[in-house]
2 protein chains.
Amino acid sequence: GRKVLIVYAHQEPKSLNGSLKRVAVEELSKQGCSVTVSDLYAMQFEPRATRNDIVGCLHNSEEFNYGVETWEAYKRGDLSSDLVEEQKKVQEADLLIFQFPLYWFSMPAIMKGWMDRVLVQGFAHEFPNCYDSGLLKDKLALFSFTTGGSREMYAKGGISGDIRYILWPMQHGIMHFCGVKVLSPHICFAPEYVSEEKRKEMLTAWAQRLRTLWNEEPINCSPEWYFK
Amino acid sequence: GRKVLIVYAHQEPKSLNGSLKRVAVEELSKQGCSVTVSDLYAMQFEPRATRNDIVGCLHNSEEFNYGVETWEAYKRGDLSSDLVEEQKKVQEADLLIFQFPLYWFSMPAIMKGWMDRVLVQGFAHEFPNCYDSGLLKDKLALFSFTTGGSREMYAKGGISGDIRYILWPMQHGIMHFCGVKVLSPHICFAPEYVSEEKRKEMLTAWAQRLRTLWNEEPINCSPEWYFK
């Protein structure tokens, strides 16, 4: 059975994001996958990258460098327990699903904090092991999110520009950098402005897609996909 | 005298980001500007968008919708005091400078949380008042940041792609959406990998630029600038 980690960032279980998360847990479990959820708001996940992430003494206490300190702490086994916990989940997963509402052309800060703090050098990448040789290669990632703006606003030539422009930092800059292969994003446009029936169709479409997910080929995560 | 708000996100005052912030405070004060700094880590600024941002009762306590609740709370004057404080600083400023180290092709989570929580609907935008008619028009913004990767990695055709791709969500998706005009970014590439002398030159160049900043024209914040 494959292992899936869903990193989920919504405050409200009754939201469409909450339903999309539940649909994924149900459908993937039905397939025999073992599914773990990191429910970031429920966990009150800490988004701030601070000295607290390092247990015990610092490598250089004269001048705090977060990247260097967490790298060193990772090697010593001295990262804070919440990070170790998340890294274990990532390590075991074949697929990472990120489920969130788009906030300001990106993920909510609580999820950005998960990226900033969990994907430590030494664990997720370590020069020259980045991009295709990143340390998390052989894993897959999928960004599943809802938007405030409509599909038309996020079209090429639309007022908010092609939605793919937004995906570059998340898919290429984070996941691809760590060697993770990226599946096509799953986007529900403007669920707040459609009927209850349309929202139900969005849930059905997601369940449907998950049924054949393991047959999908990753996207070609290069500038052409985003900016062609 | 013009008013400047520096939103600053680095844990270490001795860092290059810390020095860039100090240089900006000094140079702009010397010009007669009144400068305010939001030092996010020192303030232990809360990045998480939660129910705590609304004082008193919710508009809809059955199903929590952060965007709707903060919009309603803004109109009632019921946003939490830390948000009111930041909004006051934004309201008074002619120029917003964001000073930070690039984390994962974006700003650190603590600064993303500032965007998520401070730029509330009703305060910064309110449909159809977005983009050129956003509620913060007549203000300027400037993103000043350091990178881990080199200028070559962030060149067009470089392994990390044109640095401008990264600026789209921050400059267009956030600032332009709120009507703020964007000055050219100020980027210090890979300061950790250059000599102390080169780092000093980076500080001098920043001070130099700030001397004539008020004569600068904003960029044309459209897809052409980013993806041409």
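Letters A, B, ... are given to chains in the order of the sequence lines, protein chains preceding strands, and every chain is numbered from 1.
- Looking at A:Met107, the atoms closer than 4.5 Å to chain B (heavy atoms on both sides) all sit in the backbone: N, CA, C or O.
- Only the side chain of A:His10 comes within contact range of chain B, with at least one heavy atom under 4.5 Å from a heavy atom of that chain.
- Residue A:Glu62 touches chain B through both its backbone and its side chain, counting heavy-atom pairs closer than 4.5 Å.
- Both the backbone and the side chain of A:Leu119 come within less than 4.5 Å of a heavy atom of chain B.
- Checked against B:Tyr154 for a side chain to side chain contact (heavy atoms under 4.5 Å, CB included), the options B:Ile163, B:Asp162, B:Ile187 give a single hit: B:Ile163.
- Proximity of a side-chain donor or acceptor of A:Glu192 to a complementary backbone N or O of A:Gly148 within less than 3.5 Å is not detected.
- Between B:Phe98 and B:Trp114, the ring centre distance stays below 6.0 Å.
- Residues A:His186 and A:Phe145 place their aromatic rings such that the two centres sit no closer than 6.0 Å.
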*Verdict with reasoning, B:Glu126 to B:Trp71, per side-chain hydrogen bond (donor to acceptor under 3.5 Å, both in side chains)*: CA-CA 9 Å; B:Glu126 184 158 12; B:Trp71 185 15; 3.1 Å; yes
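- Within the 4.5 angstrom heavy-atom criterion, atoms from both the backbone and the side chain of A:Phe64 approach chain B.
- By the 30° and 60° cut-offs, the orientation of the rings of B:His125 relative to A:Trp104 is perpendicular.
- Heavy atoms of A:Phe45 lying under 4.5 Å from chain B belong exclusively to its backbone.
- One N or O on the side chain of B:Arg199 and one on the backbone of B:Pro191 form a donor-acceptor pair closer than 3.5 Å.
- For A:Phe227, the part sitting under 4.5 Å from any heavy atom of chain B is the side chain, from C-beta outward, and nothing else.
- Chain B forms more heavy-atom pairs under 4.5 Å with one residue of A:Glu63, A:Gln44, A:Glu46, A:Met115 than with any other, namely A:Glu63.
- Looking only at side-chain heavy atoms (C-beta outward), A:Leu95 and A:Lys139 stay at 4.5 Å or farther from each other.
- Your options are B:Tyr226, B:Tyr165, B:Phe177, and the one with the most heavy-atom pairs under 4.5 Å with chain A is B:Tyr165.
- In this structure, chain A has heavy atoms under 4.5 Å from both the backbone and the side chain of B:Tyr103.
- Between chain B and the residues A:Pro223, A:Ala109, A:Pro169, A:Gly161, the most heavy-atom pairs under 4.5 angstrom are made by A:Ala109.
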